[in-house]
There are 2 protein chains.
Amino acid sequence: MNDDYKACLREHGLKSTKARNGVLDILSRETSVVTVETVYAALLEQGCKVNFSTVYRILEMFTERKLTEKIFLPDEGKYGFSLRRPGHTHRLICLQCHKVVDLAHCPLSDYEKEVAQKTQFDIVGHNLELYGYCPECKKGR
Amino acid sequence: MNDDYKACLREHGLKSTKARNGVLDILSRETSVVTVETVYAALLEQGCKVNFSTVYRILEMFTERKLTEKIFLPDEGKYGFSLRRPGHTHRLICLQCHKVVDLAHCPLSDYEKEVAQKTQFDIVGHNLELYGYCPECKKGR
DNA sequence: TTAAATGCAAAGTCTTTGCACGCTA
DNA sequence: TAGCGTGCAAAGACTTTGCATTTAA
């Protein structure tokens, strides 16, 4: 398992270190978008002594290397990160527990074309996130 | 025109002041999403001496009272504001000049229903912003 | 060995807040 | 006049950076 992380890091042109393996480990057992703070806390909890700024640097680097995705969480006013799973397009995020469901189908490409034509913009991308409450969290509401 | 602002503010339960009128004036002649800094600079430029924190407070208050909309600008890493125009749903934002085009048609309601059914989430909303370059800005690229 | 990663502390950016004073209704 | 709005200065939250030290390859 540790080897997997090593290989994964290597593929992305990154050295394997205790901290990076730890971050990878945490993200991979996580179905939520997690904040830097959460990752940091989880690292400490599993005995990996790291610095806050290291976690920032790792997550930033991972994002740059397309290993993770950086998402602004409007309800928190800060960024969250999650492993980038191939083939995903958009996300459904639980407002309570931050669980994330990847939505494979993107309904927007036709829409983008239509808008591009109407507005004469060059459209280079979009943000789409759905928000709601997951089956567990919606029970308690 | 000044009276319009006054009436508009009143409708939203707000006193008319020099600063608020100024902000309203700037936003109404603006087709872009503007940052607090931009609003602040514009106010000074038109001779309205205000404090930065006042601009923050005004924009926050306007947003609370549904007069404006607060949007996170991913490329800037901070918030922008724009007048809330009735009937809009989503926005197309120019990455260079921040011009905004409101998109009346929201293509997502069916999609939301479909996702809700598949995932059993209660979906309460979504974020959709399109990004690109407007006709003027795309020329110089 | 050597370049890259990390720890630490400090600074940076955007935003918010407390309090006294000023202005609108 | 009474209460809301504003200026000012300070603090707060999140994030980034510089530099010395440690570590992986």
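Being a predicted model, the structure only gives us computed values, none of them experimental. Order of the sequence lines sets the chain letters (A, B, ...), proteins ahead of strands, with each chain counted from 1.
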After noting the C-alpha distance and the side-chain angles of A:H126 and B:E129, does the key distance pass the side chain to side chain donor-acceptor pair (under 3.5 Å) rule? CA-CA 6 Å; A:H126 59 252; B:E129 280 135 30; over 6 Å; no
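The distance between atom CG of B:L9 and atom P of D:dC4, rounded to the nearest whole Å, is 16 Å. The nearest whole Å value for the distance from the CZ atom in B:F62 to the C1' atom in D:dC4 is 14 Å. At whole-Å resolution of the value, CG in B:L44 and P in D:dG7 are 10 Å apart. Computed from coordinates, the B:K78 NZ to D:dA13 P distance equals 21 Å when rounded to whole Å. What separates CZ of B:F72 from C1' of C:dC14 is a distance of 10 Å, to the nearest Å. Per the geometry, CD belonging to A:E76 stands 10 Å off P belonging to D:dT15, to the nearest Å. Between the CG atom of A:L59 and the P atom of D:dT16 there is a distance of 10 Å, rounded to whole Å. D:dG12 atom C1' lies 14 Å from atom CD of A:E37, rounded to whole Å.
Considering only side-chain N and O atoms, A:Y56 lies under 4.0 angstrom from the phosphate OP1 or OP2 of D:dT15.
Applying the side-chain hydrogen bond (donor to acceptor under 3.5 Å, both in side chains) test to B:T119 and every residue at least two apart in sequence or in another chain returns nothing. For B:E64, there are no salt bridge (Lys or Arg N to Asp or Glu O under 4.0 Å) partners two or more places apart in sequence or in a different chain. For B:E114, the salt bridge (Lys or Arg N to Asp or Glu O under 4.0 Å) partners two or more places apart in sequence, or in a different chain, are B:K118. With sequence neighbours left out, the side-chain hydrogen bond (donor to acceptor under 3.5 Å, both in side chains) criterion links A:E37 to no other residue. Residues satisfying the side chain to side chain contact (heavy atoms under 4.5 Å, CB included) criterion with B:Y40, sequence neighbours excluded, are B:L44, B:V50, B:F52, B:V55. Under the side-chain hydrogen bond (donor to acceptor under 3.5 Å, both in side chains) criterion, A:K70 pairs with A:E60, not counting sequence neighbours. A:S82 meets the side-chain hydrogen bond (donor to acceptor under 3.5 Å, both in side chains) test with A:R91; sequence neighbours excluded.
No side-chain heavy atom of B:Y79 sits under 4.5 Å from any side-chain heavy atom of B:T35.
For the helix from C:dT1-D:dA25 to C:dA25-D:dT1, the end axes, each set by the C1' atoms of five terminal pairs, are bent relative to each other by 40° (nearest 10°).
Residues B:R10 and B:V36 each lie close to DNA chain C; by heavy-atom proximity, the contact nearer the 5' end of the strand is made by B:V36.
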Contacts under 3.5 Å, N or O only, protein and nucleotides 3-10 of chain C:
| unit_1 | atom_1 | unit_2 | atom_2 | d |
| --- | --- | --- | --- | --- |
| C:dA4 | O4' | A:K15 | NZ | 3.3 |
| C:dA5 | OP1 | A:R20 | NH1 | 2.9 |
| C:dA5 | OP1 | A:R20 | NH2 | 2.9 |
| C:dA5 | O5' | A:R20 | NH2 | 3.2 |
| C:dT6 | OP1 | A:T17 | OG1 | 2.6 |
| C:dG7 | OP1 | A:K49 | O | 3.0 |
| C:dG7 | OP2 | A:N51 | N | 2.9 |
| C:dG7 | OP2 | A:T54 | OG1 | 2.5 |
| C:dG7 | N7 | A:R57 | NH2 | 3.1 |
| C:dG7 | O6 | A:R57 | NH2 | 3.0 |
| C:dC8 | N4 | A:S53 | OG | 3.2 |
| C:dC8 | N4 | A:R57 | NH2 | 3.2 |

